[in-house]
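Here is the structure we will look at.
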Amino acid sequence: MTTHLLEGLNEAQREAVEAIQGPLLIIAGPGSGKTRVITHRIAYLVRTVGVSPHRILAVTFTNKAAKEMKDRLQRLVGTQANDLTVGTFHAFCASVLRRHGQHVGLESGFSIFDDEDQMELIKAAMEEAEVDHKQFPRRSIQGVISRAKSVLLDAQGLAMQQRSYFEEVSARVYARYEELLAQNNAVDFDDLLLKTVFLFRNTPEVLRRYQERYVHLLVDEFQDTNVVQYTLAKLLADNYRNICVVGDPDQSIYSWRSADIRNILNFQKDYTDAKTVTLDVNYRSTGTILDAAKGVIAANRHRLAKDIRTSREEGSPLIVHEAFTEAEEAQYVIQQIDRLVRDDGIKRSDCAVMYRVNAQSRALEEACLRHGMPYRLIGGVRFYQRREVKDVIAYLRLISNPEDQVSLTRIINKPPRGIGQRSVDQLVHWARSQNIPLHSALELVCEDRTEDKPASHPLAPRAAQAVFGFVTLMRNLREESGRLDAVDLIDALLDRTGYQAYLRSSPDDWEERWENVLELRSAAGEFRDLGHSEGLTTLLEQVALVADVDSYDEATDAITLITLHQAKGLEFPVVFITGMEEGLLPHIRSMDSPEELEEERRLCYVGITRCMDRLFLTRAFRRGIRGSSGPTIPSRFLQEVPPHLIKSAKPIGQKRTVWSTSKAPTLEQEEKTVPVFKTGDKVSHATFGEGLVVSYAGRGQDSEVTVAFSGGAGVKRLMVSYAPLEKVEG
């Protein structure tokens with residue numbers, strides 16, 4: 001059995017599989033077979049060492065990665081794979097909180113609020129905290145709260161550490177937001193991790209139970225862990241200290257999600273007896289592609305040095321192409337894919353087009369539609385975010401968790417049942433004045449209906465009757481949920497609510513929307529073998545934790561449009577990285593921070609190393625983005641690719657000098673040609689009209705000006721090098 005599990009592994013891979021005692025750091029370069037190493041290591045522990053699969057925990061970051069790991073383990077250890085705990089951090093923590101959440105104030109049927117739900121609750125928290133949403137954007141406050149949770153700060157902790165008026169305001173909203181979450185018996189994504197840490201720290205007997213169970217802990221993509229995730233890992237591994245972490249500092253690209261690259265850089269300081277194994281053979285990319293990636297990443301200072309080598313041939317040179325506009329850039333990409341399909345036998349599904357920001361997909365989508373090119377867009381409107389799917393999920397969440405006010409307000413009048421928005425607002429304010437949850441307020445409305453005295457609630461009789469009908473409906477569905485599986489429960493609620501007839505009232509797209517509802521019903525079929533309540537809970541958990549990239553389907557013969565961040569973990573024979581321009585890749589927001597600039601370089605490195613055979617790097621000489629259009633500067637990352645690896649393509653219909661080896665202008669040269677503004681300057685814009693400069697930041701081409709325009713255009717943030725701004729005298 002040992003021979004079977006170790007055969008085909010190179011020396012470093014075998015060393016990582018067999019190093020089973022104590023802390024282990026595996027530095028896994030791109031394409032070095034890390035998933036194979038992780039799964040073979042688990043199989044080795046089970047089949048050769050004799051560790052019970054019940055005592056092994058492996059965590060990663062996406063459902064897709066977890067599924068791939070489970071599938072491989074099924075092939076390696078058979079039915080024993082069913083006893084392994086393999087999943088994402090969030091899924092593991094959700095299961096812990098379902099069992100022990102009462103210690104941190106959660107009932108087992110708690111809801112997991114997605115991004116849209118969080119925004120609704122933050123809006124309510126801001127209103128109750130009397131915070132002006134125009135002065136303090138909801139998204140910014142949500143970001144502060146999320147970052148606080150990622151470093152183990154509750155609302156009180158943030159209030160104690162606040163360093164600005166904005167953070168003080170955010171701490172106030174945070175406090176009320178937490179109260180509203182508690183009223184809803186709900187958590188957000190960050191809470192799943194944070195509350196599990198609080199649970200372990202404050203309830204030692206629960207922590208001890210998990211520490212004693214898991215003899216071996218494996219953490220994949222360790223470079224993407226934040227403070228709370230690393231804290232969880234250390235707590236769980238504290239008993240046996242058999243913690244194996246796998247990652248690559250050069251692929252750390254999620255600091256905006258509070259990932260902390262220091263976790264992997266400092267692992268050996270935290271575990272001084274840790275063994276380190278470097279997987280240094282790349283099995284994915286050609287030598288040319290790998291050398292290009294190494295040329296780019298070499299400019300970063302904060303990294304663990306490693307020399308990755310390829311097991312493949314040198315391969316084709318990189319193609320670097322400049323188009324005049326983003327439309328021409330998109331046209332070039334589609335034409336090249338057409339040529340590869342026609343002449344080289346490449347499948348469309350072999351091709352991925354990557355970009356830094358979602359807005360870049362517009363020109364690419366238009367080009368695909370114009371040329372009849374099938375495509376799949378990763379990161380568009382997700383299936384579970386479609387309104388008809390969210391409606392049915394809201395019903396299911398409310399059945400599972402009656403305190404879920406966000407779900408309640410979403411479907412209380414959907415389909416219409418005579419409870420209009422005015423009635424809902426009256427109920428919400430009345431419940432707040434009585435200091436009771438909204439679902440309790442609905443129950444009181446029903447009780448008042450049966451008593452021979454004036455109603456205490458503010459609703460008109462007709463609306464009160466409609467509330468009674470809704471409460472009765474939900475009581476019946478909740479009662480039936482104890483004896484129906486998730487599929488039959490969906491059937492029951494669709495039948496009782498008349499939801500299909502409601503969709504028919506929008507004849508233009510009702511059939512497509514109904515198909516989405518039926519697709520959700522099909523997804524629920526996966527959980528029919530579970531107990532009734534467990535099946536519903538598991539379905540809702542999966543729905544809440546699904547990510548954009550989980551929908552990626554390799555079997556579809558269509559090109560993939562995807563951001564560089566979402567492409568992490570995927571690979572394609574042919575890759576186009578578009579928008580290779582200063583201000584885009586690297587992004588304008590990174591220009592003033594050496595740390596953020598290094599992360600942008602790592603992002604470029606990740607994009608390049610997704611490619612197996614053919615790599616195209618493209619840019620537009622002029623690009624319309626951020627509300628303006630103007631000339632661009634080639635990305636500095638292009639200058640870091642060794643020139644001998646590049647074959648430059650001629651621009652479509654243009655007679656310009658190939659720029660791939662040209663030098664970008666110095667900052668001093670830029671400042672001579674870029675206008676400078678100061679706060680209070682009156683300016684004029686060709687589209688937005690006249691306005692007043694509110695702020696000005698940056699230097700040269702990277703300068704950004706914020707202008708308050710009159711005439712309804714509002715406040716705009718503009719790149720000075722792009723925006724057609726002129727000073728207005730007087």
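Just so you know, these numbers use all the heavy atoms, side chains as well, and skip hydrogens, waters and symmetry mates. Position 1 is the first residue of the sequence; numbering continues from there.
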Would you please test Ser361 and Leu377 for side-chain contact (heavy atoms from CB on, under 4.5 Å) and show each step? CA-CA 8 Å; Ser361 73; Leu377 176 67; 3.9 Å; yes

With Asn263 as reference, evaluate Thr225, Asp224, Thr231, Asn226 under the side-chain hydrogen bond (donor to acceptor under 3.5 Å, both in side chains) test and give the passing residue. Thr225

Between Asp248 and Arg602 (salt bridge meaning N to carboxylate O under 4.0 Å), is one present in this structure? no

Just by modelled atom types, is the Glu107 backbone N or O under 3.5 Å from a matching donor or acceptor in the Asn185 side chain? yes

Can you tell me if CG on Asp132 sees more than 12 non-hydrogen neighbours from other groups inside 6.0 Å? yes

Hey, can you tell me if Phe189 and His90 have their rings parallel, tilted or perpendicular (30° and 60° cut-offs)? perpendicular

Lys234, NZ atom: more than 12 neighbouring heavy atoms under 6.0 Å: yes

Test your reading of the model: is there a side-chain donor-acceptor pair from Thr60 to the backbone of Asp220, 3.5 Å cut-off? no

Kindly check if the number of other-residue, nucleotide or ligand heavy atoms within 6.0 Å of CZ (Arg387) is above 12? no

Other residues, nucleotides and ligands only: do more than 12 of their heavy atoms fall within 6.0 Å of CZ on Arg98? yes

Asn184 (side chain) donor-acceptor with Ser111 (main chain) under 3.5 angstrom: no

Verify side chain to side chain donor-acceptor pair (under 3.5 Å) between Glu599 and Ser255, making sure each step is shown before the conclusion. CA-CA 8 Å; Glu599 178 154 330; Ser255 67; 2.7 Å; yes

Using a 4.5 Å cut-off on heavy atoms from C-beta on, say whether the side chain of Met474 contacts that of Leu408. no

Side chain to side chain donor-acceptor pair (under 3.5 Å) between Asp391 and Tyr502, intermediate numbers included: CA-CA 12 Å; Asp391 287 347; Tyr502 165 63; 4.9 Å; no

Verdict with reasoning, Glu596 to His587, per side-chain contact (heavy atoms from CB on, under 4.5 Å): CA-CA 9 Å; Glu596 291 182 20; His587 197 276; over 6 Å; no

Rounded distance [0.5 Å steps], CG in Leu545 versus OG1 in Thr62: 12.0 Å

Looking only at heavy atoms, what is the nearest atom pair of Leu153 and Tyr174, with distance? O-OH, 2.8 Å

Can the ring centres of Tyr210 and Phe200 be said to be less than 6.0 Å apart? yes

Answer yes when Arg139 and Asp115 have at least one side-chain N-carboxylate O distance shorter than 4.0 Å, and no when they do not. yes

Between Glu365 and Arg362 (salt bridge meaning N to carboxylate O under 4.0 Å), is one present in this structure? no

Considering all heavy atoms, the nearest Leu217-Ala233 contact: CD2-O, 3.4 Å

Should the heavy atoms of other residues, nucleotides or ligands under 6.0 Å from CD of Gln156 be counted, would the total exceed 12? no

Taking every heavy atom of Phe89 against every heavy atom of Gln229, the minimum-distance pair comes out as CE2-O, 3.8 Å

If you take all heavy atoms of Leu97 and Leu192, which pair is closest and at what distance? CD1-O, 3.7 Å

Is it true that Arg397 and Asp117 make a salt bridge, defined as a side-chain N closer than 4.0 Å to a carboxylate O? yes

Evaluation steps, side-chain contact (heavy atoms from CB on, under 4.5 Å), between Ile145 and Gln118: CA-CA 11 Å; Ile145 294 172; Gln118 291 175 47; over 6 Å; no

Do any N or O atoms from the side chain of Arg99 and from the backbone of Ser95 form a donor-acceptor pair under 3.5 angstrom? yes

Please check if the side chain of Thr578 supplies one atom and the backbone of Met354 the other of a donor-acceptor pair under 3.5 Å. yes

Taking 4.0 angstrom as the limit, do Arg410 and Glu116 come out as a salt bridge? yes

Would you please say whether a donor-acceptor pair under 3.5 Å links the side chains of Glu221 and Gln223? yes

Could you verify whether a donor N or O on one side chain and an acceptor N or O on the other, from Tyr177 and Asp188, lie under 3.5 Å apart? yes

Can you tell me if Ser164 and Glu167 form a side-chain donor-acceptor pair at under 3.5 Å? no

Is the number of heavy atoms from other residues, nucleotides or ligands under 6.0 Å of Arg422 CZ greater than 12? no

Could you tell me how the ring of Tyr230 sits relative to the ring of Phe267: parallel (under 30°), tilted (30 to 60°) or perpendicular (over 60°)? tilted

So, for His133 and Met126, which heavy atoms are closest and what is the spacing to 0.1 Å? CA-CE, 3.5 Å

Closest approach of Phe110 to Ile112 (non-hydrogen atoms, all atoms of both residues): CE1-CG1, 3.9 Å

Counting only heavy atoms not in Lys123, do more than 12 sit closer than 6.0 Å to its NZ atom? no

Tyr355 and Leu564: CA distance, side-chain angles, deciding distance, side-chain contact (heavy atoms from CB on, under 4.5 Å) verdict: CA-CA 6 Å; Tyr355 37 84; Leu564 288 161; over 6 Å; no

Any salt bridge between Glu598 and Arg601, counting N to O under 4.0 Å? no

